Amino acid sequence: MNGKGLLVVISGPAGAGKGTVVKELVRDDNIRVSVSATTRAPRQGEENGVHYHFLTREQFERMIEEDGFLEYAQYVGNFYGSPKKQAEDWMKQGKDVILEIEVQGCKKIKEKFPECVSIFIMPPSMEILENRLRGRGTETEEVIAKRMKRAAEEIGLSEDYDHIVINDTVDECVAGIRDILEKERSARQ
Ligand code: 5GP
């Protein structure tokens, strides 16, 4: 990718608070967040085209065939992918683009775009993570158990990231990431 904006990968277990942190980060007009495509069903309150592009399995497969993704991966039984065109356009305009994706996706992005900045958001503890997942009230016990297992696996891979930021409080976490991006930008000038 030839754009001037940074390609920023943010990962962390479901419930680590990535969504809230990213929402704060994109208040900066130079930062955009990529809207992923997924085959998972929308949760209550999620809007098509805002939280995700909700696709059928067939539509998702067609996008793979058309080379429409920067990366895609399977996560707890569903497909998730980062659409290519929007991210490329923003980066060409000089915007930093955040991909909020899981660890397999990050690995693929690093192979394709070694210049990307990868950040892992760590929950303060597994107990807090489980409480946050449960607090959402949108997931069954079975899904919570699967997501906790996956969270432990993901935390084990956090060392592959350029930066690890603990999400103790949202404000500190956001400040930590802004600091990282600032340094990355000036290192590239
Ligand atoms: P959720 O179902 O909770 O919205 O997301 C599940 C996981 O999929 C999260 O870790 C989220 O970051 C990840 N994810 C969301 N979009 C993408 C994507 O486009 N690609 C990949 N690889 N992971 C994604």
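Because the structure is predicted, anything quoted here is derived from the model rather than measured. Values below: all heavy atoms of this structure, side chains included; hydrogens, waters and symmetry mates excluded. Numbering of ligands and ligand atoms starts at 1, following listing order.
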What protein heavy atom sits nearest [atom], and how far away is it?
{"atom": "atom 14 (N) of ligand 1", "result": "E100 O, 3.6 Å"}
{"atom": "atom 13 (C) of ligand 1", "result": "E102 N, 3.7 Å"}
{"atom": "atom 20 (N) of ligand 1", "result": "E71 OE2, 2.7 Å"}

Going by the order shown, which atoms of ligand 1 are within less than 4.0 Å of some heavy atom of [X]?
{"X": "K18", "value": "9 (C), 10 (O), 11 (C), 12 (O)"}
{"X": "A73", "value": "22 (N)"}
{"X": "R43", "value": "1 (P), 2 (O), 3 (O)"}

Sub-6.0 Å ring centroid separation between F60 and F69
yes
Is it the case that [X] and [Y] place a side-chain donor and acceptor less than 3.5 Å from each other?
{"X": "E61", "Y": "Q59", "answer": "no"}
{"X": "H53", "Y": "Q86", "answer": "no"}
{"X": "T38", "Y": "N78", "answer": "no"}

Close N or O approach ([X], ligand 1; < 3.5 Å):
{"X": "E154", "result": "no"}
{"X": "S36", "result": "yes"}
{"X": "G81", "result": "yes"}
{"X": "Y52", "result": "yes"}
{"X": "E46", "result": "no"}

Quick check against the 3.5 Å criterion: does K108 have a side-chain atom that pairs as donor or acceptor with the backbone of L70?
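Such a contact is absent between K108 side chain and L70 backbone.
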Is any side-chain N of the basic residue among E111 and K107 closer than 4.0 Å to the acidic one's carboxylate O?
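Here E111 does not pair with K107 in a salt bridge, since their nearest N and O are not under 4.0 Å apart.
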Pair R178 + D28: basic N to acidic O under 4.0 Å:
no
Side chain to side chain donor-acceptor pair (under 3.5 Å) between E102 and Q104, intermediate numbers included
CA-CA 6 Å; E102 49 67 74; Q104 308 166 74; 2.9 Å; yes
Check [X] against ligand 1 and report side chain, backbone, both or neither, counting heavy atoms closer than 4.0 Å.
{"X": "Y75", "value": "side chain"}
{"X": "R40", "value": "side chain"}
{"X": "R147", "value": "side chain"}

Value rounded to 0.5 Å, distance of OG in S11 from CD1 in I121
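Between S11 OG and I121 CD1, I get 9.0 Å after rounding to 0.5 Å.
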